[in-house]
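Report on the structure given below.
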Amino acid sequence: MDMKSVESKWQAKWEKSKINVFNKKNADKKMYVLEMFSYPSGSKLHVGHWYNYGPTDTYARFKKMQGYELFQPMGFDAFGLPAENYAIKTGIHPKDSTEKNIETMERQLKNMGAMFDWSAEMVTCEENYYKWTQWLFLQLYKKGLAYRKEALVNWCPSCETVLANEQVIGGECERCGSIVNRKDMTQWFFKITEYAEELLDCLDDLDWPEKTKLMQKNWIGKSTGCEIQFECETGDIINVFTTRPDTVFGVNYVVLAPEHPLAEKFKQVHPENADAIAEYVQKASESNDIDRLSTTREKTGVFTGAYATHPLTGKKLPIYLADYVLYSYGTGAVMAVAAHDERDYAFATKYNLPITQVIQKKGGETVLPFCEDGILVNSGSFDGLPSDEARDAIAVHLTKIGKGGKKINYRLRDWSVSRQRYWGAPIPMIHCEKCGVVPVPEKDLPVKLPYDVEFRPSGKSPLASHEGFMNCTCPNCGGKAKRDPDTLDTFVCSSWYYLRYPDAHNDKQAFSTEVADKMCPVDVYVGGSEHACMHLLYARFITKALRDMGYLHFDEPFKRLVHQGIILGPDGNRMSKSHGNVISPDVYVDEYGSDIFRLYLMFGFSYTEGGPWNDDGIKSVAKFTERVERLVRKSTEESKTGVTEMRAQEKALNYAKHYAIKCITRDAEVFSFNTSVARIMEYVNALQKYDAEVTDKNVAFYKEAIEDLIRMFAPFAPHFSEELWEITGHKSSVFEETFPLVDEQALVKDEVEYAVQINSKIKAKMMIAQGLSDEEMQAIVCQNPEIAEQIAGKTVRKCIIVKGRLINLIVG
RNA sequence: GCCGCUGUGGUGGAAUAGGCAGACGCAAGGGACUUAAAAUCCCUCGGAGUAACAUCCGUGCCGGUUCAAGUCCGGCCAGCGGCACCA
């Protein structure tokens, strides 16, 4: 079969018949299958795209044939740094290169033959999309979930730009390899932390990979403890957070992060230490994250000269600045318990500070630092309590005396969304000298991204130097004002796109609540696991925020999530240009066609595992389809015989068919494509056997068996199967057929092969009739000559029977 | 350092729920057809052992539970992924 022409023939037919377009009338049977949309950076689809989209489309087609109304849209995540980098390198405008790339990728995606509903296509860099991204920003702002603050951001000194967290690879700039440092900048943030608890709670009920849920859980990083107040000699209160209030009687000193505002005050109160403090703060601010966060680095710090009072003992405690305390977590201050914390212990040892043991190991010698739970000592009235009880008792006591109490902290930080970049959605905010920060009125959206912008890096937002863009009038007072020069993180664009697809042409709203409630959440979402703590978390947050504003009435965007594995280069490394191990799908698609390539991806790998690329098997997959084609063509030449009864051969083939249907129905549901294909191969083997061995075929039965083969093969090799369907005399599409249903009756065999064991070792195999009692079965087994010989003269003490599988005689 | 996942033939990978390890393929070897090759079809294919059976060993390693362990438990080793001074 000439796959190339067959594929284009059916793609044209599908487009004409609109078979891939979602039919709103059947929305009550909807099945929303979504692949993570692609980034139009390169000009071609790579193996990763194929591996994500090909098998997932097979799943989608399978669901369609099960009677669901399929919605499988595709679009492009078109804003972002790669296009801008490309522009900086080549001078080609991001808009131009992106549009060109999208054109190429659309063509390639269509050639893949996936059931994408292109009528719902959308592109995030187009005005009719980013207008609504800006609208989303305004809603969050109105709700108090978008705010501006000064914060430390990742700054690449050579590219002169802020980098997103994911662009900082091991502390280095992804683009140029320079060491990233931190810079104080005023940025827009989304208050994702307000949803920390719910984001954590709802994980339990999601049908997501456990690993991904765990990653999000760790990322959110809930820790339960206590906030404790230490009064400072200046009258200031130092609040510290601890998960170990049971060790509070062992506090030896208090540590503040170098960025803590009190550092400045201590310089004035203790001028004798001012120079040392200033020097230390300066040094800390210069050090980069690689150094700062290294756990192996020797602890450093400086004494401020100031003291704080222990809230329970009244003891005077020296206050230190040390960069092992992070300003961004908790309160930026820590109570140091040298005896029971490794870091405090190291610091105390280095600076010769006292070490007070307050926890004793249960039933053993306590070696300091002892960081586990134990029994309290030297802790006043709390002596003798075990750590867990003491934590509670001390928290209660602190609350009573007004010096602290229980507190929950999260590792999760608010989401920084400002980017000093050109190729993104402009932040719809105006800065007015009189009125301050003023949101752009919704009627004025979109704030258009101008084309003629100097996007080469200059350390400022490219938009800042575009007068036409920057100058505007204040919507509040009508006076002169400036626009916000930053653009939104592209993750903002992708945090809500799944809501837009079902209502992609709505020009009045981002989406209608009615449509979103009907079509969402996404039933099955498929994409890479690298998005676990970014996109997948952001989308969940935005969904919950929109729900709380009344725009949605569900809690989670993606009911079920599947990650495809990664196809590595043949050398076992990740494919990359620098490794020189990139495999182009085009070569294979050109030679074998898209169905064969997809089929091989499904058959050759375990879908969620992936693995090193190896094309050894692709030829065999092509041969398999040729075998199927021969079989089908030959079957059309069979003319009716008088045979209509179901003889042993027909029953055997019928069993093979229904066994295949049963297994595939189960396996395809859980994305186990390799075993699904294996079962189809087995069924084809059974058909071939029947064809070769039975001369007086039951033709009506055989033809039905062949048609069922085509039906079950259709989701896996769509163009090929359409062609076969036509060859067998059908005018309509095979995708209007129902996926074959299993007949459990056909799977009931008269007799089943049992493995017969004596003392758990296999001694024989026997066909045993179904429906016998245990006693009858045992009797039959014992009559078997081989078995009888081996148990002669011995007593059968026990007989274990596993129905349909084995019989184990325990003899002694 | 902490958390998690994964270790199965020459190879990709199978193995509901503790029940015949290696499904389905690839590669390899042998054979049929052919002048020949390709294609196709048939046979063998974890290791040791045997003339052939028998038998023994075998799912990273060491123990354990069980009539029965790739699967459960305990302890290691290796690889991968995530987090990493989070108080």
Side-chain angles (χ1 to χ4, degrees), chain A residues 209-219 221-223 225-226 228 240-245 247 255 257 289 292-297 299 322-326 328-337 340-344 346-347 371 409-413 529-530 532-533 566 568 572 600 603-606 608-609 611-621 623-624 626-627 630 663 666-667 670 672 674-685 688 692 753-765 797-812:
Chain A
E210 287 304 319
K211 193 181 163 181
T212 307
K213 293 204 266 186
L214 191 68
M215 274 165 76
Q216 285 207 353
K217 195 179 158 190
N218 292 339
W219 187 263
K222 180 178 182 175
S223 57
C226 230
I228 304 177
V240 307
F241 174 74
T242 179
T243 53
R244 293 295 303 273
T247 65
V255 198
D289 270 13
R292 171 91 187 248
L293 297 176
S294 161
T295 47
T296 52
R297 192 173 62 128
K299 304 272 174 287
D323 66 2
Y324 77 90
V325 172
L326 305 176
S328 52
Y329 181 77
T331 60
V334 154
M335 63 176 214
V337 184
H340 305 294
D341 181 280
E342 279 178 27
R343 297 152 300 184
D344 299 339
F347 191 85
C371 308
N409 249 316
Y410 300 92
R411 210 189 66 99
L412 185 70
R413 312 282 158 78
S529 60
E530 67 274 16
C533 295
I566 299 167
L568 304 167
Y600 176 61
F603 183 59
F605 302 85
S606 161
T608 52
E609 297 295 314
W613 173 257
N614 177 330
D615 61 9
D616 277 356
I618 193 162
K619 207 172 248 171
S620 73
V621 171
K623 281 183 187 170
F624 172 68
E626 283 163 21
R627 214 160 84 222
R630 278 198 302 274
C663 292
R666 183 194 61 206
D667 292 356
V670 294
S672 180
N674 52 352
T675 52
S676 298
V677 176
R679 296 293 92 82
I680 292 172
M681 288 174 167
E682 280 171 354
Y683 179 44
V684 169
N685 291 342
Q688 277 191 315
E753 190 188 67
Y754 276 80
V756 183
Q757 300 181 330
I758 296 175
N759 289 339
S760 306
K761 298 226 163 177
I762 293 176
K763 295 293 171 186
K765 294 195 176 177
R797 290 187 310 185
K798 203 172 166 190
C799 177
I800 295 153
I801 295 177
V802 182
K803 276 270 147 43
R805 289 186 179 267
L806 67 75
I807 300 170
N808 188 5
L809 299 171
I810 310 300
V811 300

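Just so it is clear, the structure is predicted and the values come from calculations on it, not from any experiment. We name chains A, B, ... by the order of the sequence lines, and we start the count at 1 in each one.
A heavy-atom distance below 4.5 Å is not found between the side chains of A:Cys663 and A:Thr675.
Only the C1' atoms considered, B:A78 is 30 Å distant from B:A28, to the nearest whole Å. Nucleotides B:G75 and B:C83, compared at atom P, are 27 Å apart to the nearest Å. For the C1' atoms, the distance linking B:G29 with B:G79 amounts to 34 Å, nearest Å. Nucleotides B:U44 and B:A38 have their P atoms positioned 23 Å apart, rounded to a whole Å. Straight-line distance between the P atoms of B:G10 and B:G46: roughly 10 Å, to the nearest whole Å.
A donor-acceptor contact under 3.5 Å is not formed by the side chain of A:Arg627 with the base of B:U40.
Look at CG on A:Asp323: it is 17 Å from P on B:A84, rounded to the nearest Å. In this structure, CG of A:Leu214 is placed 8 Å from P of B:C5, rounded to the nearest angstrom.
The phosphate of B:U40 (OP1 or OP2) has a side-chain N or O of A:Lys623 nearer than 4.0 angstrom. Taking side-chain N and O atoms only, A:Tyr754 has no distance below 4.0 Å to OP1 or OP2 of B:C20. Considering only side-chain N and O atoms, A:Ser606 lies nowhere under 4.0 angstrom from the phosphate OP1 or OP2 of B:G12.
Side-chain polar atoms of A:Ser760 and A:Asn808 form a donor-acceptor pair below 3.5 angstrom. Residues A:Tyr324 and A:Asp344 have side chains that bring a donor and an acceptor to within less than 3.5 angstrom of each other.
Residue-level contact check: A:Arg630 touches the backbone only, with heavy atoms under 4.0 Å from sugar-phosphate atoms and none from bases.
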